[in-house]
Amino acid sequence: MANKTTAEKLATLQKGYTLEGATIELGAAIIDGELHKDAPVRLPLSMMNRHGLVAGATGTGKTVTLHMMAEQLSTAGVPVFLADIKGDLSGLATAATGSEKLTARTEGIGQAWQGRTFPVEFLALGGDGNGVPVRATVSSFGPILLSRIMELNDTQESSLQLVFYFADKNGLELIDLKDLRAVIQFLTSAEGKDQLEELGGLSKATAGVILRELVSLEAQGLEKFFGEPEFDTAELLRTAPDGRGVITCLELPTLQTKPMLFSTFLMWLLADLFEDLPEAGDLDKPKLVFFLDEAHLLFNDASKAFLEAITTTVRLIRSKGVGIFFVTQTPKDVPAEVLGQLANRVQHALRAFTPEDAKALKATVSTFPMSDYDLEETLTSAGIGEAVITVMNEKGAPTPVALTRLRAPESVMGPSDEALVRSTVAGSALLTKYGTAVDNHSAFEKLSGKAAAPTGPAAGGSVPREPVQGGPVQGGAGQDDVDAEARRIEEEILGRPSSRPAPSAETRRRTPAENAPAPRPGAGDSMVGDIGGMLGGALGGGLKSMARSIGTQLGRELLRGVFGTSSRRRRR
């Protein structure tokens with residue numbers, strides 16, 4: 001290996017990256033310190049659902065890498081979801097301008113560069129930021145994910161599952177945090193004493209702890225993330241009128257104060273997709289590619305049930321045509337059970353300033369196949385915009401390890417002008433569906449005997465509507481266009497009859513609240529089938545034992561998804 005000539009190493013890489021189908025072009029190989037644009041490094045589009053890892057030290061170019069990959073996926077007609085942690089990815093909506101330095105770089109790797117915009121949809125959790133508000137009901141979010149946000153221990157998490165079980169069984173809809181608070185207050189009251197005793201595993205003291213944590217969440221202002229209209233994750237599967245995949249950017253500008261909420265919400269999106277999408281088998285291109293930035297936040301201090309649920313989702317969602325790329329600093333940030341599922345690797349430079357850094361470097365090197373590179377030296381000396389790459393080829397085998405100078409994005413590497421982002425959000429047809437919060441009759445009203453609170457404009461719903469100037473997305477797309485795309489997704493991708501009739505003139509005159517997403521025929525029995533046996537471990541001991549004791553039909557009604565999620569769309 002060490003005695004190979006440069007020509008022999010070049011031939012190995014050229015052969016290893018000669019692929020027949022459509023590909024994502026990553027860059028050109030660097031061999032013995034020299035760039036070879038005749039040795040392109042690429043990733044088969046059909047293998048993007050084999051998942052991947054983009055890793056590297058801070059400032060080495062990870063965000064630019066996923067930016068560049070998202071552009072090419074969109075061009076290939078593949079929708080993309082990006083967690084925009086820093087706000088830099090809104091630049092996808094603005095064409096980049098050339099420079100002498102950029103031209104020298106792109107010509108050096110054989111890239112025919114041209115500045116362009118891409119179809120982008122901006123979302124924001126609960127409207128916290130510039131984007132269409134994204135909400136989930138508490139019931140849909142489920143006890144396991146909610147336990148992560150509340151930082152409950154295993155015992156408290158199992159107790160929360162019992163609370164959800166009680167609400168499910170008694171028809172108490174958990175839409176927002178006040179609904180869950182009302183159910184817990186009822187169980188700890190004199191009136192609910194008998195029901196609390198029937199639950200067995202739920203003590204009054206533990207219920208009190210959960211209630212206090214819930215009140216703390218409300219005090220932090222997190223209640224706006226839970227409610228209706230609930231975001232339909234099928235919106236992430238859309239394509240633009242020109243056939244390009246829509247790039248959905250979800251931002252949370254206050255991430256620094258709510259990192260757990262952000263990462264956990266991303267897993268809710270994945271879990272909801274997992275429940276909805278049918279089996280797809282091997283496809284020429286994925287239905288969606290999901291990039292999870294700051295992935296270490298998912299796993300820090302995670303419960304066993306949560307880790308099992310992530311592992312199950314990553315393993316099984318591949319067959320439904322969804323690819324997941326975890327973006328973090330080192331492979332050590334990702335549990336071995338998940339890391340083993342990540343076949344496509346883009347490893348940027350690592351630093352070895354401390355003994356802990358040196359251990360992380362050795363661990364990273366050990367995860368790569370044998371190669372013609374001294375990887376310890378290569379990974380510590382790689383420049384910004386360079387990465388060590390190995391991916392899965394079309395036959396399912398790893399490609400040769402290649403130090404690669406990566407392609408340059410064709411849109412702006414940084415945030416777009418705020419006025420453009422706001423006008424894009426204002427011109428989005430999704431704002432009509434999700435811009436105004438609604439408060440329907442649910443557990444709080446049923447237990448307190450009060451009427452539902454009046455609805456009001458959500459954050460983001462107050463953005464004035466105006467046409468998008470040269471808009472990057474479906475700027476100015478009408479409701480008819482969105483409904484037509486929704487019908488296509490339901491029929492062609494989700495494999496079910498569309499619940500969306502052709503909109504009438506009357507429908508288009510309705511208020512935003514009246515135009516909330518219609519319930520879809522669901523897959524309420526989906527988890528009782530092929531992966532039902534995995535749910536016991538994922539849901540935890542309390543609900544597992546109850547699921548065994550209740551009747552078959554009741555079990556079908558109450559069993560939740562891999563994360564304990566239960567979308568209202570699927571339960572109706």
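Position 1 is the first residue of the sequence, and the numbers go up from there.
Closest of all the heavy-atom pairs between Pro229 and Tyr434 is CG-CA, 3.8 Å. Minimum heavy-atom separation, Val391 to Pro44: CG2-CD, 4.3 Å. Of all the heavy atoms in Pro119 and Ala240, the pair that sits closest is CB-CB, 3.9 Å. Nearest heavy atoms, Leu283 versus Ala280: CD2-O, 3.7 Å. Contact between Val412 and Ala95 at its shortest, heavy atoms only, is CG2-O, 3.6 Å. Across every non-hydrogen atom of Leu270 and Val322, the tightest pair is CD2-CG1, 4.4 Å.
Checking Glu121 against Thr248 by side-chain atom types alone, no donor-acceptor pair falls below 3.5 Å. Side-chain atoms of Thr58 and Gln329 form a donor-acceptor pair, as typed in the model, at a separation below 3.5 Å. With no hydrogens or angles considered, a side-chain donor-acceptor pair links Glu230 and Ser140 at under 3.5 Å. Residues Glu394 and Ser46 bring no donor and acceptor atom of their side chains to less than 3.5 Å of each other.
In this structure a side-chain-to-backbone donor-acceptor pair under 3.5 Å is missing from His348 to Ala387. Side-chain atoms of Glu228 do not come within 3.5 Å of backbone N or O of Ile175 as any donor-acceptor pair. Not a single donor-acceptor pair under 3.5 Å links the side chain of Thr233 to the backbone N or O of Leu269. A donor-acceptor pair under 3.5 Å links the side-chain atoms of Arg42 to the main chain of Tyr17, judged by distance alone. Counting only distance, with no hydrogens or angles, the side chain of Asn344 and the backbone of Met47 share a donor-acceptor pair below 3.5 Å. Distance alone, capped at 3.5 Å, is enough to place a donor-acceptor pair between the Gln111 side chain and the Ala408 backbone. Checked by atom type and distance alone, the side chain of Ser74 pairs as donor or acceptor with a backbone atom of Gly245 at under 3.5 Å. Thr60 places no side-chain N or O within donor-acceptor distance of the main-chain N or O of Ile384, the cut-off being under 3.5 Å. Using modelled atom types, no side-chain atom of Ser139 and backbone atom of Leu174 make a donor-acceptor pair closer than 3.5 Å. Panel note: side chain Glu410, backbone Gln114; a donor-acceptor pair is recorded below 3.5 Å.
Atom CG of residue Leu26 and atom CZ of residue Arg407 lie 9.0 Å apart, to the nearest 0.5 angstrom. A distance of 10.0 Å separates OG1 of Thr330 from NE2 of His296, quoted to the nearest 0.5 Å. One distance of note links OG1 of Thr63 with CG of Leu89; it measures 6.5 Å at 0.5 Å rounding. For the atom pair CG of Leu53 and CD of Gln347, the computed distance is 6.5 Å after rounding to the nearest 0.5 Å. Here the CE atom belonging to Met68 is positioned 11.5 Å from the OG atom belonging to Ser411, to the nearest 0.5 angstrom. In this structure, CD on Glu251 lies 8.5 Å from CZ on Phe122, to the nearest 0.5 angstrom.
The side-chain contact (heavy atoms from CB on, under 4.5 Å) test with Arg345 is passed by exactly one of Val54, Thr367, Val388: Thr367. The only member of Arg405, Lys62, Arg105 that meets salt bridge (Lys or Arg N to Asp or Glu O under 4.0 Å) when paired with Glu386 is Arg405.
In this pair, Phe226 and Phe141 present their aromatic rings perpendicular. The plane angle is above 60°, beyond the 30 to 60° band.
Open room surrounds CG on Asp282; 12 or fewer heavy atoms of other groups in view lie less than 6.0 Å from it.
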- Message: Apply side chain to side chain contact (heavy atoms under 4.5 Å, CB included) to residues Leu277 and Leu237 and explain how you reach the verdict.
- Response: CA-CA 11 Å; Leu277 288 171; Leu237 303 173; 3.9 Å; yes

- Under the side chain to side chain contact (heavy atoms under 4.5 Å, CB included) rule, what do Leu266 and Leu250 come out as? Steps first, then yes or no, please. CA-CA 9 Å; Leu266 298 185; Leu250 175 69; 3.7 Å; yes

- Item | Stepwise side chain to side chain contact (heavy atoms under 4.5 Å, CB included) check, Leu82 with Leu92 | CA-CA 11 Å; Leu82 299 172; Leu92 285 154; 3.5 Å; yes

- Task: Given side chain to side chain contact (heavy atoms under 4.5 Å, CB included), test Met69 with Met48 step by step and report yes or no.
- Result: CA-CA 11 Å; Met69 294 172 70; Met48 289 292 285; 4.0 Å; yes

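Annotation: side chain of Ile317 is not in contact with side chain of Phe290 (no heavy-atom distance under 4.5 Å). Using a 4.5 Å heavy-atom threshold, the side chains of Leu66 and Phe325 count as separate. Inter-residue side-chain proximity for Thr103 and Trp113 is flagged as unmet; no heavy-atom pair is nearer than 4.5 Å.
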